[in-house]
Structures are given as C-alpha cells and as structure tokens.
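For reference, positions follow the sequence shown, starting with 1. Just so you know, these numbers use all the heavy atoms, side chains as well, and skip hydrogens, waters and symmetry mates.
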Amino acid sequence: MTHPEAPHTPARTPLTRDRILEAAVGLADRTGIEALTIRKLATELDVKPMTLYHHIDGKEAVLDGMIDLVFTEIALPDEDLAWRDAVRGRCLSTREVLVRHPWSVPLMESRRSPGPATLRHHEAMLACFLDSGMSMQLTAHAYAVIDSYVYGFAIQEANVPVQGAAGDEDVTRQIAAQFAPDQYPHLVRFAAEHVMRPEYRFGDSFEYGLDLLLAGLEAAAEAEPR
C-alpha cells in the first residue's frame, strides 16, 4: 500500500544580518526612512520582531548598516586617475546612488558607528587628496566643500517640484501663475525662458557646479607652497 507524499514545503531563506539590511534599504526606498520601524521590518521579512534582535542590535544598528550598504554602491576614486578626475567620478557615482536612495542623504555623515565600507570610502578620498600633495588644511576644506555640495544638491534635487520631466511644464505654469509680472519680472522671465523650455533639466546643473568647485580647488592646490 502506498502512502501519498506529504506536500513539499519550500525551505525558508535563512535570516541573516545582510538580508535584514537589504530588506531595510528596500523598505526605506519605497516608504521613506521615517516609516521604518523594527516591527515593519519584521513584517517585511515575515518574522517576529524579536527574531531580528538575534542578528542586529536595534534600530540604530540597522541604520548604521543601511548607510554602510549605501556606501558599498558608491564607486571609490580611481587610483589610476589624477585627483581631480578621480574625485569627479566618485561624485557622479555618489549622486546616482543618492537618487536611488534619497532617504539616506541626511544620514550619510551622521552615524557614530561607521561600517567598513564607510571607513574604506573616507580613507580612499583622503588618500586621493593627500597623495596629490595637498596640505592637510586644504584637504579638510576640499572634502567638506565637495560633500556639502553633493549632499546638498541631492536634497534639493529630491525635493524641487520642477525637475524638467514630462508633465513638469504644467507644474511650472501653475507656480508661475502666482507671480505678478510687474512685481516679479525676473521670476516670470526665468520660468518662461528657461524652466519651461523642453530641454530644461534641473539635474544638468550638477556637473556644472561640480566642475566649478574642482577648478577652484585645483587652483588652490597649485597655489600652495611646496
């Protein structure tokens, strides 16, 4: 007499720290960082909240790990390039990553327990400046100014109402309609002659501004006493 086989139950994917962090990043990408809680993360992974604590020590540790995961996506400066080209490539990569994870921008430099990817990134950037011959003071200025620009642009890009995408022309018209031409002639002209043009893209200003910064830093480095 044969017995029917028991239905096959797919093996549950083991819960690991990496899997928890990847799920947290995905959840933040969809719902924002403010909505991220241990309970919601557990629901996302189909486990009990207390189960997560076997792998990670609370929400702050989750945030630390999430930011380190974001840093793994950012390209390190290319050691084979001159410092200006290497930093430029890294900044372009940073912007691409922050567009994917806009929630991460305010947290990028706020963590008190930075992970290995974060530390490796900072080490590579400092080496890029210092090994080029920049002084410690100019290196400090360069790193602070460049990251302030990249992070600041990312925040503005994530929140500005008009990006230059399809449909933005109507948004621009609605905003511009609130400007009295006799009171705000430059705003009206700027909207009509620039923002409402089909080729307008807010993000086009990123590389322009980055190149201005890099040119200024390059001039400052060349002016330093040797």
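Within a 6.0 Å sphere centred on CD of Q137, heavy atoms belonging to other residues, nucleotides or ligands number 12 at most. The 12-atom threshold is not exceeded at NZ of K48, counting heavy atoms of other residues, nucleotides or ligands nearer than 6.0 Å. Under a cut-off of 6.0 angstrom, the local environment of CD in E224 is crowded, with over 12 non-hydrogen atoms contributed by other residues, nucleotides or ligands. In D131, the CG atom is crowded: over 12 heavy atoms of neighbouring residues, nucleotides or ligands sit closer than 6.0 Å.
Of the possible polar contacts, one joining the S148 side chain to the A144 backbone as a donor-acceptor pair under 3.5 Å is found. Looking at T51, its side chain never comes within 3.5 Å of a backbone N or O of V47 through a donor-acceptor pair. When atom types are taken as modelled, the side chain of D68 and the backbone of A117 share a donor-acceptor pair closer than 3.5 angstrom. In this structure, the side chain of E44 does not engage the main chain of L27 through any donor-acceptor pair within 3.5 Å.
For F71, the ring pair (Phe, Tyr, Trp, His ring centres under 6.0 Å) partners two or more places apart in sequence, or in a different chain, are H121, H122. Not counting sequence neighbours, the partners of D64 by the salt bridge (Lys or Arg N to Asp or Glu O under 4.0 Å) test are R111. Remark: Y53 pairs with I38, M50 by the side-chain contact (heavy atoms from CB on, under 4.5 Å) rule, at least two apart or across chains.
Between F206 and F153, the ring planes lie perpendicular to each other; the angle is over 60°, past the 30° to 60° tilted range.
Side-chain contact check for L52 versus L15: some heavy-atom pair is nearer than 4.5 Å. At least one side-chain heavy atom of M108 sits under 4.5 Å from a side-chain heavy atom of L98. V87 has its side chain within reach of W83: a pair of non-hydrogen atoms, C-beta onward, lies under 4.5 Å apart.
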Would you sort out whether D147 and R90 count as a salt bridge (charged side-chain N to carboxylate O under 4.0 Å, His left out), showing the intermediate values?
CA-CA 11 Å; D147 273 3; R90 172 265 184 184; 2.8 Å; yes

Test log, rule salt bridge (charged side-chain N to carboxylate O under 4.0 Å, His left out), inputs E73 and R100
CA-CA 10 Å; E73 298 181 29; R100 290 199 297 270; 2.9 Å; yes

